[in-house]
Amino acid sequence: MDPHSSPEHDWALETLAIRAGHDRTHEQEHAEPIFPTSSFVYGSAAEAARKFSGEEPGNVYSRFTNPTVRTFERRLAALEGGERCVATSSGMSAILATVLALLEAGDEIVASRSLFGSTVSLFDKYLGKFGITTRYVELSDLAAWEAAITPATRLLFAETPSNPLSEVVDIAALAEISHRHGAWLAIDNCFLTPSLQRPLALGADLVIHSATKYLDGQGRAVGGAVVGRDKELEEIFGVVRTCGPCLSPFNAWIFTKGLETLTLRMRAHCDNAQRLSEWLEAHPAVSRVYYSGLPSHPQHALAARQQQGFGAVLGFEVEGGREAAWSVIDATRLLSITGNLGDVKTTITHPATTTHGRLSDDQKAIAGIHEGLIRVAVGLEAIDDIRADLARGLDALI
């Protein structure tokens, strides 16, 4: 590896995001290249045999070895402080590959109730049919996590902050519980990114990303990643190699370029979100705001301690249930009505009928997904324009 791109250098996060992981080719390019190839050519049959067997490092097939994907993996691993990263085709495939690699029939997962709806469906509907059981607990209740663990528990899984209520768990304390019981701790870090939170440094074993979100930052591509120790990541790599949920070189290139501005973007996202949350909390049509940057948030002090910022996703509730929430959403002219997040463009959605729409009514109630809840992923537009767009619908509720 080019010594000027080595993650082992004692560089700041901003520098790693721009420089880490790139091996310059003989062309001496400055920007990272894209290798849109399915296969690679060898000088001899003997060389091919050595590379296929793993005796000699090198590219074999782009399903599991591609220089562009490798650059993204190295850079993200450097940012998260992990030994290794394995990129995948989506955030959901990153979770699936992790579970397939590390768990087997009869094993158990303990997860927070505050999970993305598709993650709950994956755990219950699909992994459940193969004999992997999941128990759900309140995210911030460490005693509940401990009580839910059995001798069969192999994995603890949490999103922190949660989607869309910004709940937070003490990662270091949860890691201690997990390791005391011989289980892995996986943290979904896509809401904060390594610019604002580094779970591995707090004791987590694995970090999960939907790279589709802030790692890209502009809503251009779908992808995922897992970061952690080489031992566990080798098993996860085996799933990607064999089962094929791999990241395309083009998408890997987009994510690599997105990382270059990650810290700058996240700071600006946080600033806009803080100002919007304070404005919402003072608006008479809003009954409650969920954002850990507010002193009124129950885990505000914890979030301030373990995070370097509070992120860009917030939730707020209005009286009048679905009808009122939809009226606020439909009154917007600037905000994008979409379930995605992590974009420079502010997005707005009704979680109960979109991101968490496949959950049962009981599951929604337990997770705090009420009909009057609206989620906003605050983008980088002028804050005055974002506020004015939301005011159109909120003022009509007064």
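One-based numbering along the sequence shown. The shown structure was predicted, so the numbers you read here are calculated from the model rather than taken from an experiment.
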Please find out if less than 6.0 Å separates the ring center of [X] from that of [Y].
X	Y	result
H283	F316	no
F310	H300	yes
F40	Y61	no

Lys/Arg N to Asp/Glu carboxylate O, [X] vs [Y], below 4.0 Å:
X	Y	answer
D23	R74	yes
E80	R198	no
R180	E146	yes

What do the steps show when you test I109 against T153 for side-chain contact (heavy atoms from CB on, under 4.5 Å), and what is the final call?
CA-CA 6 Å; I109 301 169; T153 301; over 6 Å; no

So is R50 actually on top of Y42's ring, under 6.0 Å and inside 45° of the axis?
no

Which heavy atom of Q307 sits nearest a heavy atom of S292, and at what distance?
NE2-OG, 4.1 Å

With side chain to side chain donor-acceptor pair (under 3.5 Å) as the test, pick out the partner of T25 among E27, Q28, E29, H22.
E29

Please check if any side-chain donor atom of S296 sits under 3.5 Å from a side-chain acceptor atom of E281, or the reverse.
yes

Please check if any side-chain donor atom of Y290 sits under 3.5 Å from a side-chain acceptor atom of E317, or the reverse.
yes

Distance col, row T355:OG1 vs N163:CG, nearest 0.5 angstrom, shows 5.5 Å

